[in-house]
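For reference, the structure is listed below as structure tokens.
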Amino acid sequence: MTVSYKELGLVNSKELFKKAIDGGYAIPAYNFNNLEQIQAILQACVETKSPVILQVSSGARKYANATLLRNMAKGATEYVKELGYDVPVVLHLDHGDTFELCKDCIDNGFSSVMIDGSHHSYEENIELTKKVVEYAHKHDVTVEGELGVLAGVEDDVVAEESSYTRPEEVEDFVKRTGVDSLAISIGTSHGAHKFTPAQCTKNEDGVLVPPPLKFEILEEVEKRIPGFPIVLHGSSSVPGKYVEMINENGGSIDAAIGIPEDELRKAAKSAVCKINIDSDGRLAMTAAVRKVMKDKPGEFDPRKYLGPAREELKNLYMHKNNKVLGSAQKA
Ligand code: G3H
Ligand code: 13P
Ligand code: ZN
């Protein structure tokens with residue numbers, strides 16, 4: 001039995017991306033794998049009237065169960081209406097690594113998939129991406145491809161070094177694969193440790209400022225494929241307040257440095273129309289849970305620590321939509 005995303009009330013990303021590029025903002029792509037995360041994402045996006053991409057990695061599918069996640073996404077489209085505003089919801093596979101995984105998601109209610117062939121050779125990446133696009137487009141599902149490698153951890157793949165996207169390849173890649181959007185590598189990376197302190201300079205307030213993103217690569221890509229939807233992965237900002245809160249409450253997270261918000265805002269105004277954020281949500285939840293554990297050692301009702309974690313997450317996502325991505329009021 002297959003389930004079309006249309007039966008679940010979801011949308012693909014085509015129209016959303018067109019509007020985002022024209023409007024100079026980016027659609028948030030927030031990862032989730034449990035109830036409190038999807039509640040926080042949807043509440044924040046309804047309150048800010050933002051379109052939203054619910055993003056599921058293959059690790060999340062294994063963790064939470066694919067059937068349960070699909071039904072949570074189905075619930076999501078009903079829940080947003082119940083909350084009072086029918087924001088468009090996309091269900092997207094994050095970092096799909098095989099045709100079979102993408103097909104399984106397409107057959108089971110996903111409206112968008114990423115096929116990440118960036119670890120393969122250029123020609124193999126094209127072949128794999130094209131195969132996914134051919135299947136996805138038969139089902140009106142949108143496909144994100146990737147050129148260039150981001151450093152950091154994605155499921156079982158760990159890339160020590162990033163390699164920037166080569167602008168001279170993008171036109172050929174897009175034409176030969178038929179992808180609907182393209183993730184590029186311009187200096188972002190996955191996880192909470194995107195830069196070492198040694199790579200940063202200190203500003204007048206003593207805050208470590210990382211090296212700027214390679215906007216010159218983004219501009220060159222835009223010149224070669226004008227108006228084509230670009231995606232930024234690894235876009236967590238790693239807010240200092242969460243790292244401090246974690247460390248003050250028994251945690252130990254060293255030298256965590258993310259992408260400054262003003263750089264993401266600048267990117268969102270360009271052809272970047274989808275910005276992926278996962279690590280910031282993990283930090284916000286962990287910070288809130290640790291605080292309750294420290295302040296109330298006798299507490300053992302999960303709602304008493306997951307509730308505050310959900311509230312912290314919601315505040316974080318509302319801030320992103322309002323102040324960073326610019327997606328608020330665009331639904
Ligand atoms: O890019 C990776 C995402 O943050 C998903 O992470 O594979 O640990 O679920 P995960
Ligand atoms: P962060 O680790 O910076 O949150 O990036 C998440 C991501 O790119 C998911 O695909
Ligand atoms: Zn990613």
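Every number for a ligand or one of its atoms is a count from 1 in the order of the listing. Counting begins at 1 with the first residue of the sequence.
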**Request:** Select one of side chain, backbone, both or neither to describe which atoms of S57 lie under 4.0 Å from any atom of ligand 2, heavy atoms only.
**Result:** neither

**Request:** With heavy atoms only and a cut-off of under 4.0 Å, state how I277 meets ligand 2: side chain, backbone, both or neither.
**Result:** backbone

**Complete:** Near N31 (heavy-atom distance under 4.0 Å), the atoms of ligand 1 are 3 (C), 5 (C)

**Message:** Give the atom numbers and elements of ligand 1 that come within less than 4.0 Å of a heavy atom of D278.
**Reply:** 3 (C), 4 (O), 5 (C), 6 (O)

**Item:** Summary of salt bridge (Lys or Arg N to Asp or Glu O under 4.0 Å) pairs that have at least one residue in residues 261-271, sequence neighbours excluded
**Value:** none

**Asked** Below 3.5 angstrom, do we get any N/O pair linking D278 and ligand 2?
**Response** yes

**Test of proximity, N276 against ligand 2: N or O pairs below 3.5 Å** = yes

Given [options], which one has a non-hydrogen atom that is nearest to [atom]?
{"atom": "atom 3 (O) of ligand 2", "options": "H95, K194, K274, H233", "result": "K194"}
{"atom": "atom 6 (O) of ligand 1", "options": "M114, R282, H95", "result": "R282"}
{"atom": "atom 10 (O) of ligand 2", "options": "L150, I259, D94", "result": "D94"}

**Fill in**
Any heavy atom of D94 under 4.0 Å from ligand 1? The part involved is side chain

**Request:** Please determine if S57 has a nitrogen or oxygen closer than 3.5 Å to a nitrogen or oxygen of ligand 1.
**Result:** yes

**Asked** Which residue holds the protein heavy atom closest to atom 2 (O) of ligand 2, what is that atom called, and what is the gap in Å?
**Response** S279 OG, 2.7 Å

**Asked** Can you tell me which residue and heavy atom of the protein come closest to atom 8 (O) of ligand 2, and the distance to 0.1 Å?
**Response** G234 N, 2.8 Å

**Request:** Kindly state whether the ring of Y317 and the ring of Y30 have centres lying under 6.0 angstrom apart.
**Result:** yes

**Prompt:** Looking at H95 versus H190, is the centre-to-centre ring distance below 6.0 Å?
**Reply:** yes

Looking only at N, O or S atoms, find the one in [X] nearest to the Zn ion (ligand 3) and name it.
{"X": "H190", "answer": "NE2"}
{"X": "H233", "answer": "ND1"}
{"X": "H95", "answer": "NE2"}

